[in-house]
Amino acid sequence: MLKRASLDELPADLRERLDRRGFDPDQLVRWSTRVGQGDEQNRLTGEVSRVDDAEVKRVPDDPAEAERLRERGAQALAAGELAICVLAGGMATRMGGVVKSLLPVVGEHTFLDYRLAERAQLGERHGKAPPFWLMTSESTDAPIAAAVAARADADGIATFEQLVSLRLDEAGALFRDDEGEPSVYATGHGDLPDALRRAGLLQAFVAAGGRHVWISNVDNLGASVDLAILGQHIEEGRSLTVELVDKVAGDKGGGPVRHQGQPIIAEHFRLPRDFDADAIPIFNTNTFLVDARALLELTLEWTYVEVVKQVGERRAVQFERLLGEITIAIRPTFNWVPRDGEGSRFLPVKSYEDLEHHRPALERIGRRLGLLRPSSG
């Protein structure tokens with residue numbers, strides 16, 4: 001077990017680096033007592049069951065109704081009620097370890113270029129570009145902030161860092177790298193509510209009349225602002241809309257279940273061993289539209305799951321939290337969205353193979369955003 005006194009003895013420059021990013025030494029000591037308890041500690045306890053098909057909503061098929069909802073969403077956008085928040089903390093480890101936000105998608109245009117072009121287009125069409133926030137990590141913050149600062153339209157765009165902690169070894173002691181230094185890591189995209197509050201962005205947005213926050217992964221360019229979904233979210237008085245797609249072979253992640261009778265998003269590894277995960281036919285895209293005040297006032301005793309990582313030639317243990325867990329405290333509404341075709345809202349890029357697979361769709365999006373020339377076909 002880790003001793004609290006050993007953390008007080010860390011070098012001053014490291015402590016300052018950790019403290020600036022929300023490090024909680026007492027929490028790390030508590031985690032050290034959990035190391036080696038097995039993956040059962042990550043699993044939900046109590047009754048877990050499937051969500052009924054009727055609980056998964058869709059944007060209406062009727063063109064007139066869908067247009068009416070788009071108009072409602074456009075009104076909210078023009079009134080400054082929407083902010084966009086992009087999860088941009090990851091390094092593309094399967095793509096050379098570069099900052100994924102700055103990875104070229106088509107030609108020289110990066111994921112960040114795509115995201116900022118969408119924001120600019122929303123501003124041109126609706127009179128007000130929404131606030132745009134990027135949750136970065138210690139590794140990605142400086143290059144992303146520099147890329148944003150170099151733009152003339154950087155007003156209303158901000159970066160904020162997720163939190164950090166220290167890795168442990170498999171005995172629960174402090175893990176040290178090959179140079180003997182403690183190993184720092186980011187504690188997961190579940191950091192978002194706390195990190196946003198630490199940055200003051202959410203408080204300022206709500207105080208100015210902001211009401212909704214659209215959250216998505218930087219590498220899923222299908223998850224653009226859909227005004228019909230926004231309008232539906234507003235009209236139905238939802239607190240949280242979660243986008244789901246049909247599950248296909250190879251999907252690794254979460255899905256909707258009922259836990260103790262309440263609808264939530266649960267990762268596959270959190271389900272009880274005797275629960276048939278294949279019985280869940282839909283898959284969480286990690287795209288959320290959430291009430292800004294509910295996010296600001298969120299109180300939740302987060303579950304930090306134990307994750308074993310390969311660091312060099314050795315195994316290390318770290319504890320992470322997942323953003324989908326906000327569905328425990330903020331009641332979700334599940335929306336099915338298309339995975340295939342021109343209207344796909346799920347185009348994740350985790351590898352160069354994914355990039356090639358989605359290239360036609362990414363080129364269409366680039367043309368729509370004005371980044372690429374219109375197709376001659």
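Start at 1 with the first residue, then count along the sequence.
Ion pairing between a basic and an acidic side chain is recognised when a charged N comes within 4.0 Å of a carboxylate O; E306 and R34 show no such pairing. Comment: R72 does not engage E235 in a salt bridge, judged by the lack of any side-chain N to carboxylate O separation of less than 4.0 angstrom. With respect to R43 and D39, a salt bridge is recorded, a charged nitrogen being found less than 4.0 Å from a carboxylate O. Salt bridge E267/R270: absent, no basic N to carboxylate O contact under 4.0 Å.
Under a cut-off of 6.0 angstrom, the local environment of NE2 in H109 is crowded, with over 12 non-hydrogen atoms contributed by other residues, nucleotides or ligands. No more than 12 heavy atoms of other residues, nucleotides or ligands lie within 6.0 Å of CZ in R125, so this atom counts as exposed by the packing criterion. By the neighbour-count criterion of 12 heavy atoms within 6.0 Å, atom CG of D53 is sparsely surrounded, having that number or fewer from other residues, nucleotides or ligands. Within 6.0 Å of CG on D52 lie more than 12 heavy atoms contributed by other residues, nucleotides or ligands. More than 12 non-hydrogen atoms from other residues, nucleotides or ligands lie less than 6.0 angstrom from CD of E16.
Side-chain atoms of S216 and N220 form no donor-acceptor pair, as typed in the model, at a separation below 3.5 Å. A side-chain N or O of R238 and one of N335 form a donor-acceptor pair less than 3.5 Å apart. Side chains of D141 and T159: a donor-acceptor N/O pair is present below 3.5 angstrom, by distance only. No hydrogens or angles considered: nothing links the side chains of Q310 and R315 as a donor-acceptor pair under 3.5 Å. S137 and E161 share no side-chain donor-acceptor pair at under 3.5 Å.
The minimum heavy-atom distance linking Y114 with L372 is given by the pair OH-CD1, 4.1 Å. The nearest pair of heavy atoms linking I280 to K247 is O-NZ, 2.9 Å. Residue P281 comes nearest to R50 through the heavy atom pair CD-NH2, 3.8 Å, listed as atom of the first residue, atom of the second, then distance. Considering all non-hydrogen atoms of both residues, L322 and W302 come closest at O-CZ3, 3.3 Å. In terms of heavy-atom proximity, L134 sits nearest to I157 at CD1-CG2, 4.4 Å. Minimum heavy-atom separation, V105 to T110: CG2-C, 3.8 Å.
Hydrophobic cluster membership is shared by I326 and V51, with clusters built from Ile, Leu, Val, Met, Phe, Trp and Tyr side chains linked at under 4.5 angstrom. Hydrophobic clustering of Ile, Leu, Val, Met, Phe, Trp and Tyr side chains at less than 4.5 Å, counting indirect connections, keeps V311 apart from V317.
Residues forming a side-chain contact (heavy atoms from CB on, under 4.5 Å) with A204 (at least two apart in sequence, or on another chain): none. Partners of R359 according to the salt bridge (charged side-chain N to carboxylate O under 4.0 Å, His left out) rule, which considers only residues two or more places apart in sequence or in another chain, are E356. Every side-chain contact (heavy atoms from CB on, under 4.5 Å) that D276 has, sequence neighbours left out, goes to D278, A279. In terms of the side-chain contact (heavy atoms from CB on, under 4.5 Å) criterion, D61 has no residue partners (sequence neighbours excluded). For S239, the side-chain contact (heavy atoms from CB on, under 4.5 Å) partners are I330, not counting sequence neighbours. Listed by chain and number, the residues in a ring pair (Phe, Tyr, Trp, His ring centres under 6.0 Å) with Y304 are W31 (sequence neighbours excluded).
Rounded to the nearest 0.5 Å, atoms OG1 (T241) and CD (E236) are 7.5 Å apart. Going from atom CG of L28 over to atom OG1 of T187 covers 11.0 Å, rounded to the nearest 0.5 Å. Atom CG of L82 sits about 9.5 Å away from atom NE2 of H233, to the nearest 0.5 Å. Annotation: the span from L103 atom CG to D113 atom CG amounts to 11.0 Å, rounded to 0.5 Å. The CG atom of D340 sits 9.5 Å away from atom CG of L347, with the distance rounded to the nearest 0.5 Å. Here Q162 contributes atom CD and E320 contributes atom CD; the two are 9.0 Å apart, rounded to the nearest 0.5 Å.
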In sequence, state the C-alpha distance, the side-chain angles, and the governing distance for R17 and D13, and then conclude on salt bridge (charged side-chain N to carboxylate O under 4.0 Å, His left out). CA-CA 6 Å; R17 171 186 167 193; D13 58 342; over 6 Å; no

Output, in order, the C-alpha distance, side-chain angles, deciding distance and verdict of salt bridge (charged side-chain N to carboxylate O under 4.0 Å, His left out) for D194 and R321.
-> CA-CA 12 Å; D194 288 343; R321 56 179 168 175; 3.0 Å; yes

Check step by step if side-chain hydrogen bond (donor to acceptor under 3.5 Å, both in side chains) holds for T303 and E325.
CA-CA 8 Å; T303 299; E325 196 165 4; 2.8 Å; yes

>> Apply salt bridge (charged side-chain N to carboxylate O under 4.0 Å, His left out) to residues R258 and E55 and explain how you reach the verdict.
In response: CA-CA 11 Å; R258 281 190 166 271; E55 295 181 78; 2.6 Å; yes

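Hydrophobic cluster membership for V248: none, as no Ile, Leu, Val, Met, Phe, Trp or Tyr side chain comes under 4.5 Å of it. Grouped with L163 in a hydrophobic cluster is no other residue, since no side-chain heavy-atom contact under 4.5 Å to another Ile, Leu, Val, Met, Phe, Trp or Tyr is found.
Taking 4.5 Å as the limit, every side-chain heavy atom of R115 sits out of range of all side-chain heavy atoms of S101. Counting heavy atoms from C-beta on, the side chains of L227 and V225 come closer than 4.5 Å. Side-chain contact between L18 and L166 is present, with at least one heavy-atom pair separated by less than 4.5 Å. Using a 4.5 Å heavy-atom cutoff, the side chains of F334 and I282 are not in contact.
Sequence neighbours left out, the pairs with a member in residues 121-175 that pass ring pair (Phe, Tyr, Trp, His ring centres under 6.0 Å) are W133-F205. Contacts classified as side chain to side chain donor-acceptor pair (under 3.5 Å) and involving residues 201-212 (residues at least two apart or in different chains) are not found.
The backbone N or O of R368 lies less than 3.5 Å from a partner atom in the side chain of Q121, making a donor-acceptor pair. Judged by distance alone, with hydrogens and angles left aside, the side-chain atoms of E40 form no donor-acceptor pair with the main-chain N or O of Q37 at under 3.5 Å. Using a distance-only test at 3.5 Å, with no hydrogens or angles considered, no donor-acceptor pair links the side chain of D191 to the main chain of A195. Listed for the E71 side chain is no donor-acceptor partner under 3.5 Å among the backbone atoms of A228. The closest donor-acceptor contact from the side chain of T33 to the backbone of R30 lies under 3.5 Å. The backbone N or O of V218 lies less than 3.5 Å from no partner atom in the side chain of K100, so there is not a single donor-acceptor pair. For the pair T140 (side chain) and A88 (backbone), a donor-acceptor distance under 3.5 Å is present.
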Between side-chain atoms of residues 259-266 and protein atoms elsewhere (two or more places apart, or another chain), which donor-acceptor pairs fall under 3.5 Å?
residue, atom, partner, partner atom, Å
H259, NE2, T45, O, 2.6
Q260, OE1, E47, N, 3.1
Q262, OE1, R331, NH1, 2.8

Show every donor-acceptor pair shorter than 3.5 Å between a side-chain atom in residues 287-301 and any protein atom, with sequence neighbours excluded, or say none if there are none.
residue, atom, partner, partner atom, Å
T287, OG1, T285, OG1, 3.3
D291, OD1, R293, N, 3.1
D291, OD1, A294, N, 2.7

